[in-house]
Amino acid sequence: MQDPAFIAGFVETHCHLDDGQFESERDRIVERALEAGIGMLVSIGTGDGPPDLEAGIRMAETYAPVYASVGVHPHDAAKATTETWAALRDLARHPKVLLLGEMGLDFHYDHSPRDVQRNVFRAQLEIAAELEMPIAIHTREAWRETADCLREVWAGAGSGGIFHCFSGGKAEAEEALAFGFHLGIGGVLTFPRAEALRAAVAATPLNRIVLETDAPYLAPVPFRGKRNEPAYLIHTARKLAEVKGASLETVREATSRNFREMVFARKLANQ
Ligand code: NI
């Protein structure tokens, strides 16, 4: 793996390229992302859950600009077994795996029992700390419990990571930053009623923000409600530039550097 001392283009830090909605035109989806100015994509590797942990890796092995994460989504926590953790440790060493996750707690859908979600989140936090790898966190209607897990298991690990699809207000942003995380900002930033999020982002230093789509979910305006894809990142980037009173070029340069320093450089150093 080469070190792009400078990543040309935007970094799409969170998409589900393996999703079935992309099946028939995945090559075009990646091409359109590159045409839109995206230089690197991270395909989240949670797929349909254990025992398959390689959904992201398959994408990364198919497309040169695509990298991957591995992890167990809170929705799939109940599918994790003791074998899952050995496999996760092993796959984390894949040269194109940059992050663990998305992991965390989802008390909105409760697809897995909450105590199981907590145990599976904590197990992954321990592995990430042991491997010194950054993480992508998914938290929904479980902010306090997520923060508790981070305080108990993660504090001091120092590997940082991304609060994926951050959509909280100023208080949550401050807390996430204090844990050493970056805010993963996606299409919600463009939604008319997301005033509290825009205020939080306005108050957050640009060097603590990365961009993402969460495609095929959460498309930004003007595609809200439609299938999202990585190329649409540009709409969120423009909104971020507006909120920060910065040029699009400044936003690109800062968010790409943030990702490189937080995630990519660490992977290279650990190789
Ligand atoms: Ni996601």
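Computed over heavy atoms, backbone and side chain alike; hydrogens, waters and symmetry mates excluded. As the structure lists them, so they are numbered: ligands from 1, and atoms in each ligand from 1.
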Exercise. In His14, which N, O or S atom comes closest to the Ni ion (ligand 1)?
Worked result: NE2
Seminar exercise, completed: Output field for angle at the Ni ion (ligand 1), His16.NE2 vs Glu102.OE2, rounded to 10°, should show 90°
For this session: Would you mind naming the N, O or S atom of Asp214 nearest to the Ni ion (ligand 1)?
Result: OD1
For this session: Only pairs at least two apart or in different chains count here, so list each salt bridge (Lys or Arg N to Asp or Glu O under 4.0 Å) that has a residue in residues 83-93.
Result: Arg89-Glu130
For this session: For Arg26 and Leu17, indicate whether the former's side chain and the latter's backbone hold a donor-acceptor pair under 3.5 Å.
Result: yes
Exercise. Is it true that Arg151 and Asp148 have a side-chain N and a carboxylate O under 4.0 angstrom from each other?
Worked result: yes
For this session: Scan for side chain to side chain donor-acceptor pair (under 3.5 Å) pairs involving residues 221-230, sequence neighbours excluded, and state none if there are none.
Result: Glu25-Arg227, Arg32-Glu229
